[in-house]
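Fair warning: this is a prediction, and the values are worked out from it, not measured in the lab. First the proteins, then the strands, lettered A, B, ... as listed; each starts at 1.
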Number of protein chains: 2
Amino acid sequence: MAELIQKTRKEHIREVAESLFRRQGYPATSMRQLAGELGIEAASVYSHIKSKEEILRDICFDMAKEFFNEAEIIQNLNMDAESRLRAAITAHIKVITHNIDASAVFFHDWRHLSEPYINDFRVLRMQYQTYLRSIIKQGILEGVFNKSDEKFTVLTILSAMNWTYEWYKPDGKMTYQEIANNLADILINGLKNS
Amino acid sequence: MAELIQKTRKEHIREVAESLFRRQGYPATSMRQLAGELGIEAASVYSHIKSKEEILRDICFDMAKEFFNEAEIIQNLNMDAESRLRAAITAHIKVITHNIDASAVFFHDWRHLSEPYINDFRVLRMQYQTYLRSIIKQGILEGVFNKSDEKFTVLTILSAMNWTYEWYKPDGKMTYQEIANNLADILINGLKNS
DNA sequence: CCTACCGATCGGTAGG
DNA sequence: CCTACCGATCGGTAGG
């Protein structure tokens with residue numbers, strides 16, 4: 001029971017932190033401000049967390065986990081490259097739009113992690129690029145994607161997807177599926193052999 | 001002469017600040033650290049600038065000016081939509097890659113501007129989107145781009161372009177023209193009526 | 001461009 | 001979860 005309450009409180013801290021970090025960035029957000037929005041004293045926050053960076057760490061690595069969970073599902077399905085890329089884009093946009101504050105922190109503030117965490121983070125990033133690259137490679141083998149620079153292609157796909165957190169509004173007129181499909185239309189069409 | 005020296009020193013401060021802000025972000029960079037890299041005392045920096053935020057302001061609005069200078073040239077040329085979009089992408093990538101540190105600050109740290117500057121900044125951003133949108137509209141009128149959501153299309157183009165500062169290396173194997181052309185190939189091909 | 005310094009605020013701890 | 005507090009550091013100023 002005590003554990004249940006503590007977990008809920010910690011999740012609350014996490015949510016408020018995500019919102020503050022998103023709006024102001026990690027370094028510009030103080031523990032006093034975080035505590036203020038929670039309605040407690042700054043020192044009290046430390047009953048639930050070890051340090052300010054622990055919060056950032058949790059946000060960054062939990063987000064990474066979300067992306068990889070989706071990636072693993074897609075990798076284990078039997079699909080042609082075009083369908084797989086569309087599925088990968090949809091899954092990626094789903095994770096971003098369903099965790100919009102955490103996504104902003106994930107993309108912006110990972111560089112404020114200290115060693116060795118920042119290095120672990122960079123490794124995960126590379127692995128995710130490798131996953132996307134395998135889809136592009138499959139498409140080239142299938143003869144459906146043109147043979148442009150694979151690394152550049154992956155970076156372009158990531159670029160187009162990752163900026164979504166900057167403008168996506170949960171109550172906007174586009175659902176995440178519509179965003180993903182439009183994005184997939186442009187990117188897949190753009191990569192196709194004509 | 002005194003003015004010339006002062007101007008050079010101010011530019012030096014600006015360059016070092018761009019590099020530090022890029023690596024650490026604006027809030028996480030202290031004036032003492034900036035002074036340290038310049039080889040002077042923190043208090044001495046204030047002989048050349050009024051405040052820390054003034055440096056950020058100069059970086060952000062000078063970058064905006066660069067983007068708009070290019071945009072104005074392109075708007076005044078007589079071109080079909082496809083060529084105009086390619087020119088716009090090339091110009092945009094040129095500005096980013098030629099000011100790689102300042103670009104990172106521009107995209108990351110504008111939100112640490114105070115009023116009224118942050119609002120001015122947002123207005124400029126909207127104007128730039130309107131400019132890109134006019135190109136998309138032209139393309140739809142010409143029947144070369146498909147009739148998808150214009151706002152979304154513009155945001156996608158900006159997304160794909162703006163992430164470049166994250167991975168571009170001046171000594172990498174791709175020139176900025178190659179990046180721009182590859183990007184234009186994917187985006188224009190992706191937007192085309194088939 | 002420096003020394004000397006300001007008030008404010010930072011992340012975090014001790015001890016209850 | 002609080003009071004009381006720590007040493008460190010912040011952006012910036014006075015006065016030369």
Side-chain angles (χ1 to χ4, degrees), chain A residues 1-60 105 109-115 117-118, chain B residues 1-60 105 109-115 117-118:
Chain A
M1 189 65 185
E3 208 176 326
L4 186 71
I5 290 167
Q6 197 156 343
K7 207 177 176 186
T8 301
R9 197 72 82 202
K10 196 171 177 179
E11 279 169 2
H12 192 197
I13 291 172
R14 162 78 168 264
E15 272 171 36
V16 174
E18 285 177 359
S19 170
L20 283 170
F21 291 172
R22 192 234 173 129
R23 278 179 279 149
Q24 310 177 336
Y26 173 76
T29 302
S30 74
M31 293 304 281
R32 280 156 180 82
Q33 195 181 6
L34 173 60
E37 295 225 350
L38 288 160
I40 57 177
E41 291 301 314
S44 306
V45 180
Y46 288 90
S47 307
H48 305 282
I49 58 142
K50 288 196 196 78
S51 68
K52 187 186 176 190
E53 193 184 325
E54 187 195 60
I55 306 175
L56 177 64
R57 221 152 49 211
D58 286 349
I59 295 170
C60 288
V105 178
D109 288 323
W110 61 269
R111 51 197 179 125
H112 296 111
L113 291 169
S114 60
E115 294 287 4
Y117 307 103
I118 192 167
Chain B
M1 190 62 184
E3 209 177 326
L4 186 71
I5 291 167
Q6 196 158 344
K7 206 177 175 184
T8 301
R9 198 72 82 201
K10 195 171 177 179
E11 279 168 3
H12 191 196
I13 292 173
R14 163 78 168 264
E15 272 171 36
V16 174
E18 284 176 0
S19 170
L20 284 170
F21 291 172
R22 192 233 174 129
R23 277 179 281 147
Q24 310 176 335
Y26 172 77
T29 303
S30 74
M31 294 303 282
R32 279 157 182 82
Q33 193 180 7
L34 173 60
E37 295 225 351
L38 288 160
I40 58 177
E41 292 300 315
S44 305
V45 180
Y46 288 89
S47 307
H48 305 282
I49 56 144
K50 288 194 196 79
S51 67
K52 188 187 175 188
E53 194 184 325
E54 187 195 60
I55 306 176
L56 177 64
R57 219 151 52 211
D58 285 349
I59 295 170
C60 288
V105 178
D109 288 324
W110 61 269
R111 52 196 179 126
H112 295 112
L113 292 169
S114 60
E115 295 285 6
Y117 307 103
I118 193 168

Write down the distance between [atom1] ([X]) and [atom2] ([N]), rounded to a whole number of angstrom.
X	N	atom1	atom2	answer
A:Ile40	D:dC2	CD1	P	6 Å
A:Leu38	D:dC2	CG	P	10 Å
B:Glu53	D:dG11	CD	P	13 Å
A:His48	D:dC2	NE2	C1'	12 Å
A:Leu56	C:dG11	CG	P	13 Å
A:His12	D:dC1	NE2	P	10 Å
A:Tyr46	C:dG16	OH	P	22 Å
B:Glu41	D:dA14	CD	C1'	16 Å

Atom pairs under 3.5 Å: protein N/O with N/O of nucleotides 6-10 of chain D:
from: D:dC10; atom 1: OP1; to: B:Ser30; atom 2: OG; distance (Å): 3.1

Q) Does a salt bridge link A:Arg14 with A:Glu18, judged by any charged N lying under 4.0 Å from a carboxylate O? A) yes
Q. If every non-hydrogen atom of B:Lys52 is compared with every non-hydrogen atom of B:Ile49, which pair is closest and at what distance?
A.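 In terms of heavy atoms, the two residues are closest at N-CD1, 4.2 Å.
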**Q.** Rounded (10°) bend between the five-pair end axes of the helix from C:dC1-D:dG16 to C:dG16-D:dC1
**A.**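 The end axes of the helix from C:dC1-D:dG16 to C:dG16-D:dC1 are about 10° apart, to the nearest 10°.
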**Q.** Candidates D:dG12, D:dT3, C:dC1 - which lies nearest the side chain of B:Ser51
**A.** D:dG12
How many angstroms lie between [atom1] in [X] and [atom2] in [Y], if you round to the nearest 0.5 Å?
X	Y	atom1	atom2	answer
A:Thr29	A:Leu34	OG1	CG	8.5 Å
A:His48	A:Ile40	NE2	CD1	5.5 Å
A:Met31	A:Ser44	CE	OG	10.5 Å

Q.
Please tell me if A:Ser44 has a side-chain N or O lying less than 4.0 Å from either OP1 or OP2 of D:dC2.
A. yes
Q. For B:Glu41, which residues count as a salt bridge (Lys or Arg N to Asp or Glu O under 4.0 Å) partner, sequence neighbours excluded?
A. none
Q.
Using the side-chain contact (heavy atoms from CB on, under 4.5 Å) definition, which of the options A:Ile55, A:Leu56, A:Leu20, A:Leu113 pairs with A:Tyr26?
A. A:Leu56
Q. In a check of side chain to side chain donor-acceptor pair (under 3.5 Å) between A:Ser19 and each of A:Arg22, A:Arg23, A:Glu15, which one passes?
A. A:Arg23
Q. Is the backbone of B:Val16 close enough, under 3.5 Å, to the side chain of B:Glu37 for a donor and an acceptor to pair up by distance?
A.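 Side chain of B:Glu37 to backbone of B:Val16, a donor-acceptor pair under 3.5 Å: no, none is there.
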